[in-house]
Amino acid sequence: MIEIELDGRKVSVAPGSMVMHAADAAGTYIPHFCYHKKLSIAANCRMCLVEVEKAPKPMPACATPVTQGMVVRTKSAKAIQAQKSVMEFLLINHPLDCPICDQGGECQLQDLAVGYGASASRYEEEKRVVFHKDVGPLISMEEMTRCIHCTRCIRFGQEVAGVMELGMIHRGEHSEITTMLGNTIDSELSGNMIDICPVGALTSKPFRYSARTWELQRRKSISPHDSNGSNLVVQVKSGRVMRVVPLENEDVNECWITDRDRFSYEALNSDQRLTQPMLKQGGQWQVVDWNTALAYVADGLKRVMAEFGTAEIGAVGSPRGTVEELHLLARIVRGLGSANVDVRGRHADAGNLAADGRARWLGTSIASLTQLDRAFVVGSFLRKDHPLFAQRIRQAARHGAQVHSLHAVHDDWLLPLASRMTAAPSGWAAALAEVAAAVAAAKGVAAPLAAQATETAQAIAASLMSGERKAVLLGNAAAQHPQAGELLALAHWIAEQCGASVGYLGEGANSVGAQLVGAVPRDGGLSAAQMLAQPMKALLLLDVDPLFDAADAAAARAALQASGLVVALTAFKDHSVDHADVLLPIAPFTETSGTFVNAEGRAQSFTGVVKPLGEVRPAWKVLRVLGGLLGLDGFDQDSSEAVRAQALGDLDLLAQRLDNTPSQAAAASGTRAGLERVADVPIYASDSLVRHAPSLQLTADARPPLAGLSSALWRQLGLQPGDKVLISQGQAVAVLPAQEDRSLAATAVRIAAGHPATLALGPMFGPLNVEKA
Amino acid sequence: MCNSDEGEPGTCKDRDLLRFNPHMVIEGMAIAAYAMGIRTGYNYIHGEIFEIYQRFEEALDEARAAGFLGDRILGSDFSFQLHAFHGFGAYICGEETALLESLEGKKGQPRFKPPFPASFGLYGKPTTINNTETFAAVPWIINHGGQAYLECGKPNNGGTKIFSVVGDVNRPGNFEVPMGTPFAKLLELAGGVKGGALKAVIPGGSSAPVLPAGVMMDITMDYDAIAKAGSMLGSGAVIVMNDSRCMVRSLMRLSYFYQHESCGQCTPCREGTGWLWRLVDRIEHGKGRPEDLDVLDSVAENIKGRTICALGDAAAMPVQGMLKHFRDEFVHHVEHKSCKVGRSA
């Protein structure tokens, strides 16, 4: 440790630290703009100039390494004079926009101008002006004249988002920040640039001019989207959610959130919100009151049970449902004597479950991802499915981590990959078997399966056998795979032999929590994929839209048409209307209390931040009443905390219930010849909230998906850019524009799931035919 | 690394060294590389003298063909690859770390120091950077010895210096003279003042503060004497001005140069150079106000010492030099909205 004297006090920091870090440690604030603890040092704003004894000129605190015995004065006359002069320079070209600038009230320039600025300007020359830019629906760059050239946005793109979308063109006072000549900003983490911009140059387009920061109440919440469990601050004015920004939690989301977390709030105020219970009577939808609706549901369920028994009664929830909702949903199903409850609508392999009461999880802490030396990512669309995990792994890779990917297609993750193993989905188990064989050969142990390891497999094996902190990470496609159990068995073997953790990145905010509360089928119950693919006599849907959320959209449509009583607990009325019989308006995450357990097994609870709209009720309350109406035991809880206690038990014991032990032996069945599908779920089609968020739907990532064809197939069909193809899976057909993707395995065809453009098609995995259309 | 960016206004010595004797620079760099155990070198030549860059490439080819550069030079164990690189027209690339950035293919913006190029230089490798003239002096020193070189000059100011004498002189050009040569002698070598009496001299490139004729005629051309007089030897560009030159107009042109060349990275220079130029521009064009002179001095003072590189200081010092020695001309422009010297704007 190095000890310096800062403003008369002794402070100790690690060698290599800057004076700024020492000031942080001492609790001293040094004014700054370009410095950010998560970004590289730029030292260009010069606001942090401080006096260092024996130095002839003031030194920037952010870029001055500490030396033993250094004496620093951050508030001496020399330091203050330097800081004031920099503030004066910043203000001479800065437009006097405060009254009309969104940043007013939360602006670093304003705040520091109060401390370090003069009360009147002595600049009487012309001010330079910068033309506005249109960079997409999320970030507003209407007033780039306000930019103070701190370059935080540039460095964020280069270092955190992995792609430099903003850069500085021209020179001197003509310097301006822009995208590559007319492009939009497309990164899934781009909204964070709004937070880090210290002035009102980069602001939120959806939020523009809608409220002043001091009018907003700030309430904590947890993201209902991906499995990271990002901590949020939801800002509310007059009972309406106006904005969402990150709440810093170093171990979970650091100081970032994804654009999905940030902008999905627009859906909360959508006119597609379901606000009244509705019943379909005589083919017409009627608005009814809760008593009528719930009595109808209870009666309906009882009649189905009496006539058909419980084998075809089921409930499908979402991996984004809260612990409380899913616990009560499972309780209702089991109370009725059925075992058919599940949240894994996309999973083709029903059997891949942890033991009763235990849950598949990430296998390591989220924070540890940043420290990895080696990572083997299997079957994952890492960047778009898990933007913040990808960011952490990106940081690890910047520090030399070797990252390998096994997949049918290799999207650009914006990080250096050490190896790419390419195989169509039916060949993933065989590919893992190759890696395992290579590990076995190197270690002199028996391989789990006989396999001939290719060069790539050997390279991955060698990499995983070196290094200290390693992880094998299974993505959503690996979890949804028809041989998911086999993949886990092989991945588990490899990880164990190499001293690596093994786990699932996680499909939703509460994938782990859903398993812990038993919202998964036991005792031979039907899985969600099965329930959605066959006609059920009674089906409860909790925030699930079968066409969008099932493994097989065509089968889901056919099944629903032949189903009996379909009760949809949903926050939106548009998609569900076609096939449900009852619509019960439930609360999205902002209008209910609840708990999510994130991928690392961290239970995070939140309370509602606004009152439910209209007749909307928290789903847990709806299910509590329903359970009571059905005459079942255990539906008398008077608070969501009571439900949570019942559902999760002792939170300190959760860690012991996280378990990635495979439920079957290693095998590599299922490799097939012929074309087969690989399906991603586009980032802004992943759940009902984002589908209804208008600004997100205008982004580049929300464009309708194309059919991705391998180079071999592209040539075989004689296609040109702009051509369309006819895709068929059995009777399910769709016509899509096609594009060549050189990273695709030869027999894999990439067709996204969960998007209107592909809803006519069948299973996410399996054989398909492609013809030129 | 040889810094042949020679952007300092008034300076043209490196250009002529490269044009007329590139092999002396090549030899100097090879000797320096040998001394420091360096195997790769670059000569960064500024883009405005493209023909010179082409000539230097030809000289490199000649040197390689003759076995003076490349692998196992002259049959020894010493290998040294020397490459030429040309800039694209930016004064700031004469700043050594901006030069490194430009060479690496990035925007020519200076890096903050520490770390210094000696520990983290080109592509992060330890790098030494010297000026063209410095490398060109090396062969003579090896042949005649360091002591002999030092004795050419004065104590603490050894050796010779090439001065680019430009402006109002009859024979502008580059003159290599011993350090400590009286300015009067140098002026004589350059054919004496042209077009009027000597009024002012900028002794070391535009970034050096101006000195009035009276002071200049009494000093010798070396670091110590010029520093004692309140300026600096700088690049050795001696800009001579006669009494028909308006100091306000001269300062305007100088300030415009720095505003134009500022890289824009750090706040005081990016904003301040524009402010300085606009103030002087107004004063030159008869729109100055009495308080402008104090603001001018204050802004210059606020830039100094607070920037990432010396361009900020380089912009500020001419302002303060002019105000110190020729304030009366500025006051005249403000009060009378016209030029004391009589040249029209």
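Scope of the values below: all heavy atoms of this structure, side chains included, with no hydrogens, waters or symmetry mates. The sequence lines fix the lettering, A, B, ..., with proteins before strands; numbering per chain opens at 1.
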Inset, instruction - Inspect the surroundings of CE in A:M180 and state if more than 12 heavy atoms from other residues, nucleotides or ligands are less than 6.0 Å away. - result: no
Inset, instruction - Of all the heavy-atom pairs spanning B:R270 and A:I148, show the shortest one and how long it is. - result: NH2-O, 3.2 Å
Legend entry - Structural part of B:E301 lying under 4.5 Å from a heavy atom of chain A: neither
Legend entry - From OG1 (B:T267) to CZ (A:F33), nearest 0.5 Å: 8.5 Å
Inset, instruction - Using non-hydrogen atoms and a 4.5 Å limit, figure out which bit of B:T273 sits close to chain A: side chain, backbone, both or neither. - result: neither
Legend entry - Contacting region of B:K304 [heavy-atom separation from chain A under 4.5 Å]: neither
Legend entry - Flag for A:S85-B:R306: side-chain donor and acceptor within less than 3.5 Å: yes
Legend entry - Side-chain ion pair, A:R122 and B:E291, N-O less than 4.0 Å: no
Legend entry - Main-chain N/O of B:G264 paired with A:R171 side-chain donor or acceptor, under 3.5 Å: no
Legend entry - Which portion of B:I92 sits near chain A, non-hydrogen atoms under 4.5 angstrom: neither
Legend entry - Among the listed options B:L279, B:V295, B:T307, the residue most often paired with chain A at heavy-atom distances under 4.5 Å: B:T307
Legend entry - Residue-level interface, residues 64-72 of chain A with chain B, non-hydrogen cut-off under 4.5 Å: A:P65
Inset, instruction - Give a yes or no on whether B:F85 atom CZ has more than 12 heavy-atom contacts from other residues, nucleotides or ligands under 6.0 Å away. - result: yes
Inset, instruction - Between chain B and each of A:A82, A:P58, A:P56, A:A63, count heavy-atom pairs under 4.5 Å; write down the option with the most. - result: A:A82
Legend entry - B:R289 and A:E124 ion-paired at < 4.0 Å: yes
Inset, instruction - Could you please state which residues from residues 36-49 of chain A sit under 4.5 angstrom from chain B, measuring non-hydrogen atom to non-hydrogen atom, sorted by number, or 'none'? - result: A:I41, A:A42, A:A43, A:N44, A:C45, A:R46, A:L49
Legend entry - Toward chain B, the part of A:E88 with a non-hydrogen atom under 4.5 Å: side chain
Inset, instruction - Assess whether atom NE2 of B:H336 is packed by more than 12 heavy atoms of other residues, nucleotides or ligands within 6.0 Å. - result: yes
Inset, instruction - Any chance you could measure B:E271, atom CD, to A:L91, atom CG, to the nearest 0.5 Å? - result: 9.5 Å
Inset, instruction - Below 4.5 Å from any heavy atom of chain A, which atoms of B:R282 appear? Answer side chain, backbone, both or neither. - result: side chain
Inset, instruction - Please determine, among A:Q81, A:H149, A:H174, A:R128, the option with the most heavy-atom pairs under 4.5 Å with chain B. - result: A:H149
Legend entry - Heavy-atom pair count under 4.5 Å with chain B, highest-scoring of A:K84, A:M59, A:E126: A:E126
Legend entry - CZ/A:F131: more than 12 non-hydrogen atoms of other groups inside 6.0 Å: no
Legend entry - B:K287 atom NZ: more than 12 heavy-atom contacts under 6.0 Å: no
Inset, instruction - Under 4.5 Å, counting heavy-atom pairs only, tell me which of B:V299, B:I308, B:I303 racks up the most with chain A. - result: B:I308
Inset, instruction - Using a 4.5 Å cut-off on heavy atoms from C-beta on, say whether the side chain of A:Y123 contacts that of B:R278. - result: yes
